[in-house]
Participant: 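Quick one: the structure is below, questions incoming.
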Amino acid sequence: MNTSKNGKPFLSHVYIYIYISSQAHQPTLPTLVSIFGSKFLFVKATAIAEKKKMKVREMVWWWWIYIAVAVQASIKGEDYVTYDGRSLIINGQRKLLFSGSIHYPRSTPQMWSSLIAKAKEGGVDVIQTYVFWNLHEPQPGQYDFSGRYDLVKFIKEIQAQGLYACLRIGPFIESEWTYGGFPFWLHNVPDIVYRTDNGPFKFYMQNFTRNIVNLMKSEGLYASQGGPIILSQIENEYQNVEAAFHEKGPIYVKWAAKMGVELETGVPWVMCKQTDAPDPVINTCNGMRCGETFGGPNSPNKPSMWTENWTSFYQVYGGEPYIRSAEDIAFHVALFIAKKGSYINYYMYHGGTNFGRTASAYVITSYYDQAPLDEYGLLRQPKWGHLKELHIVIKNCFTPLLQGVQSNFSIGPLQQAYVYEEGMEACVAFLVNNDSTKNATVQFQNNSFELLPKSIGILPDCQNMVFNTAKVSTKPNKRITTLTKMFNEVDMWKEFKEDIPNFLDTSLRSNSLLEHMNTTQDKSDYLWYTFSFQPNSTCSQPVLHVESLGHVVHAYINTIFIEAGHGSHDTKGFSMDIPITLIDGINNVSILSVMVGLPDSGAFLESRYAGLTKVTIQCSESYIYDFTNYTWGYQIGLEGEKLQVFKEQSLEEVEWSEIDDSTNKSLTWYKTTFDAPIGDEPIALNMSSMQKGEVWVNEQSIGRYWVSFLTSKGNPSQTFENERRGSTKGWVVS
């Protein structure tokens, strides 16, 4: 469906592009039970001792034989994940890990193998992903793990390529994902308050979390079972809202941590941006500069971990893309490691696509396109290559970094040295220049080193600088597009026009303005507000005044389009004052409220308001008709949505017509068919000739578009829509 700015259908060209582009001492019994979780072993050994009526010494002997056999057998297929104040420990070995976020529903199963392989080639050890509650449980108790939602398949692909996984269950995830990942049916649970010490919410949160954990266990996917999952996350950046819940906030934090730990995944749990994360849950950092901002673990027995190193930033309609340089990312990664960091996750390593209506409020369909792997899975240089070189250097000196003694001292006014020494055998140094404008010449261990502005030089042997974060050797690349098909001929298209509903066409009525989200139940972005009235004959020069906490409004008087308006990501609402023409007798006012994604963050999400808040008509005589508390009729969604005109079986059931822009209506569906370009390169639709709407290809929504919402520089925030490859033929509905 496409809407035009002036009220007429607007269609010139749509293009398809292809993108080219054994130990020295025996541990005590409690230690073994703690490490291996082996209550069974303890009972078994005791039973053997009782049965044989052994002496105490004999019992201990048989105990150690039994443990030795059990451990030897388990090491072959299972990884035991613990931690201390320095790092995660897997099978007794300290690990310095680089991780990359790749979200399975933001790409396709056909892409997963390639994305993971490219991440691995770039030096990534762990793939980190959220779990998306609203996708997996669209209705209470009804689960969906098919297609792009196949979490098990995604985790097994990670395992097949020899990488670890971090599973961020949440189940609140934010992530610029509609409703923060919550299914909207949760909103209808009586007396529910999200993310606090609230019985109904905790019931459903625990139920979903347990089901995901049990699913992973049933497939043997935790490291304790021989799978790749080495970390789990409960909640997500809760400290941002904790104070809003007063005394119930800390209670909820303790409950959530305890609930997760008691699920016995056999791997550690983390809470990001949560300084009060209860033991044994690890508090971690999110942000761009955790080497400077992170206060550190809340216990000396927990490692320093960075769960979100933002490689770019999400983009909103009307906003320019945020470009974060490879040099800046590398600097802060090196600084975090220099300060004893041992786990760093790039958020995102591949952002992907917000298919369908999954993007949150005002967020564009493309997600973190500036990540090391772009929206289409192509390498974004020099970011990918520069970070790969950094990973190689760090991994070559991981032993002193994880086992050596750290010291740090000043080597200049804005310069600092961080040194790790492991006896006389190994030494690694990080020389930091915090001056963002000038080079710095520093002295270190009787040698002179030149440091570029805002950079860190890494010396794996404390003698030779082999890497500087500000010196990029990888050449930048450019995404190349090749035009393969044009849809610029009118006879290639058919259209289906929406009827504008009047008050008498509606069945849902109310004597007040209804809240948009609660009324639509997230079944559609669209909600019609309608009413009828007969003005006083003295009402001249009438002006329609509309106030909305929604995102977009289209206003019609007697089915004639008169004006459209919208808000933005950074404003809570907007208003419109529109001169209108009224007829003698009954006038029908139809106002279409549109949401461009649901909110994804903040306290009391269940109480958020959207939609119209005030509607008046003012006459020149200073008389005001206030329709805020009036009899309104409502229609949820568009007719084309109800008819599912984007589905193959419905294509012939709808009366499509030739393109005709002579009538003054702004809501129009367009369709065409095409042969898919040959090859396996990524394909995209160029929507630059359109205005605002949503696109379906082969029954699958590839996302919203809003080309007419320009940035401050006069550019659309996004023009290309990522089209998933499938069959050799297809159809487009917009």
Side-chain angles (χ1 to χ4, degrees), residues 36-40 74 77-83 88 90 99 101 103-105 126-138 140-146 149-159 163-173 175 177 180-183 186 194-195 201-236 238 252-272 274 277-282 284 305 307 345:
F36 301 111
S38 195
K39 295 179 181 178
F40 169 75
S74 64
E78 301 174 6
D79 290 330
Y80 290 95
V81 186
T82 58
Y83 63 81
L88 293 177
I90 303 178
S99 173
S101 286
H103 295 161
Y104 54 99
V126 184
I127 301 299
Q128 181 168 293
T129 185
Y130 281 122
V131 179
F132 297 77
W133 189 358
N134 66 327
L135 299 184
H136 296 308
E137 194 178 9
Q142 298 178 13
Y143 283 84
D144 185 356
F145 293 95
S146 62
Y149 311 162
D150 196 339
L151 174 59
V152 168
K153 181 177 180 180
F154 182 71
I155 299 297
K156 287 185 175 180
E157 181 61 39
I158 294 171
Q159 182 179 28
L163 299 183
Y164 297 120
C166 172
L167 197 64
R168 307 178 78 188
I169 299 175
F172 172 78
I173 62 172
S175 190
W177 191 264
F182 286 158
L186 205 62
Y194 303 162
R195 305 177 71 201
F201 175 73
K202 291 194 298 183
F203 171 82
Y204 285 104
M205 173 180 171
Q206 183 172 15
N207 184 65
F208 178 76
T209 304
R210 183 193 301 115
N211 285 340
I212 293 298
V213 167
N214 287 343
L215 175 63
M216 298 299 102
K217 285 182 177 180
S218 70
E219 298 288 341
L221 294 177
Y222 282 104
S224 55
Q225 302 172 290
I229 303 173
I230 60 170
L231 287 170
S232 300
Q233 179 178 303
I234 197 72
E235 252 297 337
N236 190 70
Y238 184 71
Y252 169 71
V253 171
K254 293 177 182 177
W255 170 84
K258 183 174 182 288
M259 183 266 289
V261 171
E262 288 180 347
L263 292 174
E264 297 182 348
T265 63
V267 303
W269 287 83
V270 302
M271 280 183 164
C272 62
Q274 195 67 42
D279 292 344
V281 177
I282 305 167
T284 68
M305 301 175 64
T307 38
N345 176 74

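What you see is a predicted model, and the numbers here were worked out from it, not measured in a lab.
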Participant: Does Asn207 offer a backbone N or O that forms a donor-acceptor pair with the side chain of Asn211 under 3.5 Å?
Facilitator: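 It does hold such a pair.
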Participant: Answer yes or no: is there a side-chain heavy-atom contact under 4.5 Å between Leu231 and Tyr83?
Facilitator: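 Sidechains of Tyr83 and Leu231: no contact.
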Participant: Examine Phe172 together with Tyr194 and report whether their ring centres are nearer than 6.0 Å.
Facilitator: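 Not under 6.0 Å, so no.
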Participant: With rounding to the nearest 0.5 Å, note down the distance linking CD in Glu157 to CG in Asp150.
Facilitator: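 Rounded to the nearest 0.5 Å, the CD-CG separation comes to 11.5 Å.
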Participant: Closer than 3.5 angstrom, by distance alone: can the side chain of Lys258 be matched with the main-chain N or O of Pro278 as a donor-acceptor pair?
Facilitator: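 Looks like no, no N/O pair under 3.5 Å.
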Participant: If I compare all heavy atoms of Arg195 with all of Asn236, which pair ends up nearest, and what's the gap?
Facilitator: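 Result for this residue pair: NH2-O, 3.0 Å.
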Participant: Verify, without hydrogens or angle tests, whether Trp269 (side chain) and Gly260 (backbone) share a donor-acceptor contact under 3.5 angstrom.
Facilitator: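 Checking the backbone N and O of Gly260 against the side chain of Trp269, a donor-acceptor pair under 3.5 Å is found.
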Participant: Can you find a heavy atom in the side chain of Leu221 that is under 4.5 Å from one in the side chain of Leu167?
Facilitator: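 Leu221 vs Leu167: side chains apart.
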Participant: Without swapping roles, check the side chain of Ser99 against the backbone of Thr307 for a donor-acceptor pair under 3.5 Å.
Facilitator: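 Between the backbone of Thr307 and the side chain of Ser99 there is no qualifying donor-acceptor contact (under 3.5 Å).
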Participant: Rounded to the nearest 0.5 Å, what's the gap from CD on Glu264 to CD on Glu262? Could you check?
Facilitator: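 Atom-to-atom, Glu264:CD and Glu262:CD are 8.5 Å apart.
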Participant: Rounded at 0.5 Å granularity, tell me how far CE in Met205 sits from CZ in Arg210.
Facilitator: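 Going from CE on Met205 over to CZ on Arg210, the span is 12.0 Å.
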Participant: Mind checking whether Glu235 and Val253 have side chains closer than 4.5 Å, heavy atoms only?
Facilitator: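 No, too far: nothing below the 4.5 Å cut-off.
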Participant: Is there a donor-acceptor contact under 3.5 Å from the side chain of Gln233 to the main chain of Cys272?
Facilitator: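 Pair absent, no side-chain N/O of Gln233 close to backbone of Cys272.
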Participant: What closest approach, in Å, do Gln128 and His103 show between heavy atoms, and which atom pair accounts for it?
Facilitator: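 Reported closest heavy-atom pair: O-CD2, 4.3 Å.
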Participant: Taking the side chain as C-beta and beyond, is there a heavy-atom pair between Val126 and Asn345 under 4.5 Å?
Facilitator: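 Of all side-chain heavy-atom pairs linking Asn345 with Val126, none is under 4.5 Å.
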Participant: If I compare all heavy atoms of Val267 with all of Ser224, which pair ends up nearest, and what's the gap?
Facilitator: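 Between these two residues, the closest heavy atoms are CG1-N, 4.4 Å.
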Participant: What is the distance from atom CG of Asp144 to atom CG of Asn134, rounded to the nearest 0.5 Å?
Facilitator: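 Asp144 CG to Asn134 CG: 11.0 Å, rounded to 0.5 Å.
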Participant: Before you tell me yes or no, could you show the steps for Val81 and Ile90 under side chain to side chain contact (heavy atoms under 4.5 Å, CB included), namely the whole-Å CA-CA distance, both residues' side-chain angles and the distance that decides it to 0.1 Å?
Facilitator: CA-CA 5 Å; Val81 186; Ile90 303 178; 4.3 Å; yes
Participant: Check Phe208 against Pro171 and note the closest heavy-atom contact, atom names and distance.
Facilitator: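 In terms of heavy atoms, the two residues are closest at CD2-CB, 3.7 Å.
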Participant: Are Glu219 and Lys156 close enough that some pair of their side-chain heavy atoms sits under 4.5 Å apart?
Facilitator: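 Yes. Closest side-chain heavy atoms under 4.5 Å.
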Participant: A side-chain contact here means heavy atoms from C-beta on lying under 4.5 Å apart; do Met271 and Tyr238 qualify?
Facilitator: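 No, side chains not in contact.
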Participant: To the nearest 0.5 Å, what is the distance between CD1 (Ile155) and CD1 (Ile127)?
Facilitator: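 Separation between the atoms: 9.5 Å.
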Participant: Ignoring hydrogens, what is the shortest heavy-atom contact between Gly227 and Gln159? Give both atom names and the distance.
Facilitator: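 Closest pair (atom of Gly227, atom of Gln159, distance): CA-NE2, 3.6 Å.
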Participant: Can you establish whether the number of heavy atoms outside Lys202 located under 6.0 Å from its atom NZ is more than 12?
Facilitator: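 Yes - once you tally the heavy atoms of other residues, nucleotides and ligands closer than 6.0 Å, there are more than 12.
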Participant: Please report whether the ring centroid of Phe201 lies less than 6.0 Å from that of Phe182.
Facilitator: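 Between Phe201 and Phe182, which both carry aromatic rings, the centre distance is below 6.0 Å.
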Participant: Please report the C-alpha distance between Tyr204 and Glu137 in whole Å, then the side-chain angles of each, then the deciding distance to 0.1 Å, and finally whether the side chain to side chain donor-acceptor pair (under 3.5 Å) criterion is met.
Facilitator: CA-CA 11 Å; Tyr204 285 104; Glu137 194 178 9; over 6 Å; no
Participant: Any chance you could measure Asn214, atom CG, to Leu263, atom CG, to the nearest 0.5 Å?
Facilitator: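 Here the interatomic distance stands at 7.5 Å.
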Participant: Excluding sequence neighbours, so at least two apart, what forms ring-ring contact (aromatic ring centres under 6.0 Å, His included) with Trp177?
Facilitator: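 Here the qualifying residues are Phe132.
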Participant: Above 12 or not: heavy atoms from other molecules or residues under 6.0 Å from NZ of Lys153?
Facilitator: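 Result for NZ/Lys153: open.
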Participant: Which one of Val131, Ile158, Leu135 satisfies the side chain to side chain contact (heavy atoms under 4.5 Å, CB included) criterion with Tyr104?
Facilitator: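 It is Val131, the one option of Val131, Ile158, Leu135 that forms the side chain to side chain contact (heavy atoms under 4.5 Å, CB included) with Tyr104.
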Participant: Within the 4.5 Å heavy-atom criterion, are Phe154 and Thr129 side-chain neighbours or not?
Facilitator: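 Contact flag for Phe154/Thr129 side chains = yes.
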Participant: Indicate yes or no: at least one non-hydrogen side-chain atom of Ile234 is less than 4.5 angstrom from one of Thr209.
Facilitator: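 A side-chain contact under 4.5 Å exists here.
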Participant: What residues, two or more places apart in sequence or in another chain, satisfy ring-ring contact (aromatic ring centres under 6.0 Å, His included) together with Tyr143?
Facilitator: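 Counting only residues at least two positions away or on another chain, Tyr143 forms no ring-ring contact (aromatic ring centres under 6.0 Å, His included).
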